[in-house]
K.L.:
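I have a structure I would like to understand better, so I am pasting it below and will then ask my questions one at a time.
Each chain gets a letter, A, B and so on, in the order the sequences are listed, and its residues count up from 1.
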Amino acid sequence: MTRISFDTETYQIQSGQPFPRLVCLTWVEDGGDPQGLSLKEGAVEMFESWLDAGHTLVSHNGAGFDLGVMVAAGVTHSKVWAALKEGRIKDTWIQSQMQAIARDELKFNPRLKKRPTFSLAELELDLLGVEREGKKGPDVWRLRYHELEGVPFHQYPQAAKDYALADAVGTDRVYLALDDEPADTGLKILSQYSLALTSARGMVCDLEAVETLEKSLRAEVTEAKEKLKAAGLLKKSGSKDMAAIYSRVRAAFEAQGKDAPQTAKQREAGSDKTKADTETLRESDDPMLGLLADISNSDKLLSTYVPLLKSGTAGPLHPRYYLAETGRTTCRNPNVQNQPRKGGVRECFVPRQGWWYLAADYHVAELASLAQVLLDLFGHSEMAEAVKRGEDLHILAAAQMLNLDYKEAYRRHKAGDKQLKDTRQLMKALNFGLPGGLGPQTFVTYANTSWGLDIDFDQAKSLKDAWLGWWPEMRLYFDEIGRRVELGGGRFTATQHRSGRQRGGLTYCNGCNTYFQGLTADGARLALASVTEECFVKTDSPLYGCRPVAFIHDEIMLECPADLTKARAAAKRLTEVMVRDMQVFTPDVPSKADAHLMERWYKGAEPTFDEDGGLVPWRPKDQEPFTAPAQ
DNA sequence: ACGCGATGCGCC
DNA sequence: AAAGGGCGCATCGCGT
């Protein structure tokens, strides 16, 4: 088996061109002398010959960049996918991070004594003890390779040659110095490539919608800010005067004969500071602090989200996806995984002209994964049984709570019974919150801030007891995690049940969480990869021609041609693939995924059908329902 | 000017 | 015995 470590040099990355034009390709074959070839000399053909020959290709962040560059330069896409699926594409960037996660060194590397960046130079230092040359050295060429367009590689200035070859050599050495390939590396690389394509496509925003949103938010905030300035809570510049806010909070609580709330760290430090979140501000009963709380939501939208929406009107946004410790992805620049559901932010995102959004998400993904984990560990799970019976876990819990049988509870819920609706909401809070190890006190806060529920400590305590009675295997689960923490002397390393991926440094709560959150992440990642492949290279797939634009943990969002026949077939295929791939990881617990179509990104969108039962784009209530164009 | 910790808040 | 977890980003204030 031939191992080829390679690197590419390109034009500079520009907005709208995440995979810039290739200038040259450098490589090391089986640890031999480094070589280079410019585009004109046949870099693309050379790369393709490696794929044809079945070689193993190693690169540093190739899944996120270089592969995309090579495909953009003309390498046959289906050959890249074949190599990815056969595990012939290696990536030192991903592998080193997975190794760090397994050792709990993602946030802090004890040898480097800092948070690692996983740059090639850093890995060479950490793994090989090799110090790269200083900034004045060869890397002055890093952003200038476009100047060498058309120049044969052997005629490059020595420094340009050296820099380009050094990365291929470094990658090869780092690859050899890394420990054995962590389990699950293949899927990580495959899905990271899918995410790179998702990022490259990017998302577009609608100028008119953004301007309307900004105007209405500004109108809401401006007047209040003037009042707050007059009250001395904001400085003239408009920024918050935290010292003034703290003392006002303190005074307001003293007037009520109470201590002002503080964070744990503030209390520990004996600080004069107080909490200043919206809850504290509201509880102060001070009208000015209340006003501050009232505008906090709009202020957040204006400062965090509006600027990025604006930049999305000038050209596509290209959010980048990275690895999270659980196996999930993180997303940034911008983070499309935390766009507000309320307030009209999502509605600013629009599919390109002639396209619709097609989105599908899993039904109670994490609870189904939890059920699988429980089955794996204990051989039996009430939760798994309920999912297998096709029951709604929240209604089932509500039925237990109200001493009804499931069918009766289901009937009442369907009939719009208020008691059932409220109880189900409470059960959702329990079902989503408690598996992570949530205690009664934190549940009180969680239920209030996340679900708007008003519960006191004693209620929370008895609810948790009841919940543990309904899912008796959860007691075993918590005990088991506690035992693993103890055995590890305070921290332990978890191994994912099917992917074998490892995560180190776990304590109790993140330990409870990581197994099922990671399992959902595994299934969703595999589904994203399969869907992406069908979109790009499976010409006979109903998804062919669609393009993934966002990946939100348990949801895949595509742009698909705005054509009912195509969109319906794509929607059907999308959910089929998602369910199929999740089954690889939760084989004993059935999964479900639902797809919907949208003309923009709507928060409340759900599957919508016409009279004939065919899927149509969802529309908000204040618009005419979608009708199919006449034949 | 920039980095960083603390805090708060957006989502799954 | 008790314990939500996973994130990114903006802001403020402090330190270099």
Side-chain angles (χ1 to χ4, degrees), chain A residues 101 106-107 114-115 234-235 237-246 261-266 268-269 271 273-281 292-293 296-308 319-343 345-346 361-362 364-367 369-370 429-443 445-447 449-450 460-461 464 478-479 481-482 485-486 490 494 503 506-518 520-521 524 550-555 603:
Chain A
I101 290 168
L106 191 71
K107 304 251 159 74
K114 67 180 186 79
R115 186 186 183 126
L234 296 186
K235 298 175 186 171
S237 63
S239 63
K240 287 180 188 161
D241 187 338
M242 293 313 291
I245 292 172
Y246 295 142
Q262 287 187 300
T263 66
K265 288 198 174 166
Q266 287 165 348
E268 209 175 301
S271 160
K273 295 179 179 177
T274 67
K275 289 186 79 175
D277 58 352
T278 52
E279 193 195 353
T280 305
L281 297 179
L292 201 55
S296 82
N297 179 261
S298 298
D299 212 28
K300 171 91 175 164
L301 297 188
L302 267 176
S303 57
T304 306
Y305 296 100
V306 166
L308 88 89
R320 300 285 315 188
Y321 294 86
Y322 300 90
L323 309 190
E325 293 193 57
T326 51
R328 272 191 177 187
T329 58
T330 71
C331 178
R332 64 175 94 133
N333 298 328
N335 182 357
V336 293
Q337 294 178 330
N338 75 345
Q339 297 304 303
R341 303 168 63 86
K342 295 178 186 171
V345 170
R346 292 191 179 197
D361 61 348
Y362 290 105
V364 288
E366 285 197 354
L367 284 177
S369 292
L370 173 60
L430 291 171
N431 285 337
F432 288 133
L434 296 185
L438 203 62
Q441 187 53 62
T442 330
F443 182 75
T445 318
Y446 169 77
T449 53
S450 299
K461 206 163 173 341
K464 181 168 180 177
F478 291 142
D479 289 348
I481 301 298
V485 177
E486 215 170 292
R503 178 184 177 195
L506 291 162
T507 52
Y508 179 78
C509 285
N510 53 12
C512 288
N513 195 274
T514 205
Y515 288 99
F516 62 87
Q517 188 175 109
T520 298
F551 180 59
I552 311 176
H553 306 304
D554 63 353
E555 175 180 1
K603 61 180 183 229

K.L.:
Figure out the OH/C1' separation between A:Y246 and C:dG13, and round it to whole Å.
P.N.:
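Interatomic distance, OH of A:Y246 to C1' of C:dG13: 8 Å.
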K.L.:
Using atom CD1 of A:I245 as one end and atom P of C:dC12 as the other, report the distance to the nearest whole Å.
P.N.:
9 Å
K.L.:
Using a 4.0 Å heavy-atom cut-off across all strands, classify A:K300 as base, sugar-phosphate, or nothing.
P.N.:
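Since a base atom lies under 4.0 Å of A:K300, the category is base.
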K.L.:
Look at all strands and tell whether A:R332 reaches a base, only sugar-phosphate, or nothing, counting heavy atoms closer than 4.0 Å.
P.N.:
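The answer is sugar-phosphate, as A:R332 gets under 4.0 Å only of primed atoms, P, OP1 or OP2.
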K.L.:
Quick one: label A:T520 by what it contacts on the DNA or RNA (base, sugar-phosphate, nothing), any heavy atom closer than 4.0 Å.
P.N.:
nothing
K.L.:
Applying a 4.0 Å non-hydrogen cut-off, can you work out what A:P435 is touching in the nucleic acid: base, sugar-phosphate, or nothing?
P.N.:
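Since no nucleic acid heavy atom lies under 4.0 Å of A:P435, the category is nothing.
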K.L.:
Give a yes-or-no answer on whether the side chains of A:D299 and A:S296 include a donor-acceptor pair shorter than 3.5 Å.
P.N.:
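Their side chains do not contain a donor-acceptor pair, so the 3.5 Å distance test is not met.
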K.L.:
Working to the nearest 0.5 Å, report the span between OH of A:Y446 and CG of A:L434.
P.N.:
8.5 Å
K.L.:
In terms of the nearest nucleotide of DNA chain C, which residue is placed more toward the 5' end: A:R115 or A:K235?
P.N.:
A:R115
K.L.:
Can you see if the side chain of A:N333 gets near the phosphate of C:dC9 - specifically, an N or O under 4.0 Å from OP1 or OP2?
P.N.:
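Yes, within the criterion.
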K.L.:
Does A:Q517 reach the main-chain N or O of A:E366 with its side chain, forming a donor-acceptor pair under 3.5 Å?
P.N.:
no
K.L.:
Quick one: A:D241 CG to C:dT11 P, roughly how many Å, whole number?
P.N.:
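Value for this atom pair: 16 Å.
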K.L.:
Need one value for A:T507: base, sugar-phosphate or nothing, where a base atom within 4.0 Å counts as base even if backbone is also close, heavy atoms only.
P.N.:
nothing
K.L.:
So which protein nitrogen or oxygen atoms get under 3.5 Å of nucleotides 14-16 of chain C's nitrogens or oxygens?
P.N.:
none

K.L.:
Any donor and acceptor pair, going by atom type alone, linking the side chain of A:Q266 with main-chain N or O of A:S271 inside 3.5 Å?
P.N.:
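Here the side-chain-to-backbone pair does not exist.
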K.L.:
Answer with base, sugar-phosphate or nothing: what part of the nucleic acid does A:A276 contact at a heavy-atom distance below 4.0 Å?
P.N.:
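Counting heavy atoms under 4.0 Å across all strands, the contact made by A:A276 is with sugar-phosphate only.
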K.L.:
Mind checking if A:E325 touches a base, just sugar-phosphate, or nothing, with heavy atoms under 4.0 Å?
P.N.:
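It contacts sugar-phosphate atoms only.
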K.L.:
Rounded to whole angstroms, how far apart are CG on A:D299 and C1' on C:dC9?
P.N.:
14 Å
K.L.:
Against the six-membered ring of A:F478, is A:K464 placed for a cation-pi contact (under 6.0 Å from the centre, within 45° of the normal)?
P.N.:
yes
K.L.:
Considering every strand and a 4.0 Å limit on heavy-atom distances, what is the contact class for A:T278: base, sugar-phosphate, or nothing?
P.N.:
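Result for A:T278 = sugar-phosphate.
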K.L.:
Whether A:T330 contacts C:dG8 is assessed here as follows: a side-chain N or O lying under 4.0 Å from the phosphate OP1 or OP2. Is that the case?
P.N.:
yes
K.L.:
Any N or O donor-acceptor pair linking the side chain of A:Q517 to the base of C:dG5 at under 3.5 Å?
P.N.:
yes
K.L.:
Between P on C:dC7 and CG on A:N335, what's the gap in Å once rounded to a whole number?
P.N.:
12 Å
K.L.:
Take A:F551 and A:V336 through the side chain to side chain contact (heavy atoms under 4.5 Å, CB included) test and state the conclusion after the steps.
P.N.:
CA-CA 8 Å; A:F551 180 59; A:V336 293; over 6 Å; no
K.L.:
Return the value, rounded to whole Å, for the distance between atom CG of A:D554 and atom P of C:dG6.
P.N.:
17 Å
K.L.:
For A:K107, report the nucleic acid contact type (base, sugar-phosphate, nothing); a contact means any heavy atom under 4.0 Å.
P.N.:
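Sugar-phosphate contact only.
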K.L.:
Under 4.0 angstrom, heavy atoms only, what part of the nucleic acid is A:F443 near: base, sugar-phosphate, or nothing?
P.N.:
nothing
K.L.:
Going 5' to 3' along DNA chain B, between which two nucleotides do contacts with chain A fall, using a heavy-atom cut-off of 4.0 Å?
P.N.:
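Taking any atom under 4.0 Å from a heavy atom of chain A, the span is B:dA6 to B:dC12.
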K.L.:
Grab the CD1-P distance between A:I481 and C:dG5 for me, whole Å please.
P.N.:
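Taking CD1 of A:I481 and P of C:dG5, I get 13 Å after rounding.
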K.L.:
Whole angstrom is fine here: how far is it from CE in A:M242 over to C1' in C:dT11?
P.N.:
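A:M242 atom CE is separated from C:dT11 atom C1' by 9 Å.
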K.L.:
Using 0.5 Å steps for rounding, measure from the CG atom of A:L438 to the CG atom of A:L430.
P.N.:
9.0 Å
K.L.:
Reckon A:C512 touches a base, only the sugar-phosphate, or nothing at all at heavy-atom distances under 4.0 Å?
P.N.:
nothing
K.L.:
With rounding to the nearest 0.5 angstrom, report the CG to CD distance, A:L506 to A:E325.
P.N.:
8.0 Å
K.L.:
Working note: A:N510 + A:R503, criterion side chain to side chain contact (heavy atoms under 4.5 Å, CB included); need CA distance, chi angles, decisive distance, verdict.
P.N.:
CA-CA 10 Å; A:N510 53 12; A:R503 178 184 177 195; 4.0 Å; yes
K.L.:
What nucleotide among C:dG6, C:dG8, C:dA3 has an atom nearest to a side-chain atom of A:Y508?
P.N.:
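The nucleotide sitting nearest to the side chain is C:dA3.
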K.L.:
Can you tell me if A:T329 and A:Q337 form a side-chain donor-acceptor pair at under 3.5 Å?
P.N.:
yes
K.L.:
Okay, side chain of A:R346, backbone of A:Q339: is any donor-acceptor separation there less than 3.5 Å?
P.N.:
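Such a contact is found between A:R346 side chain and A:Q339 backbone.
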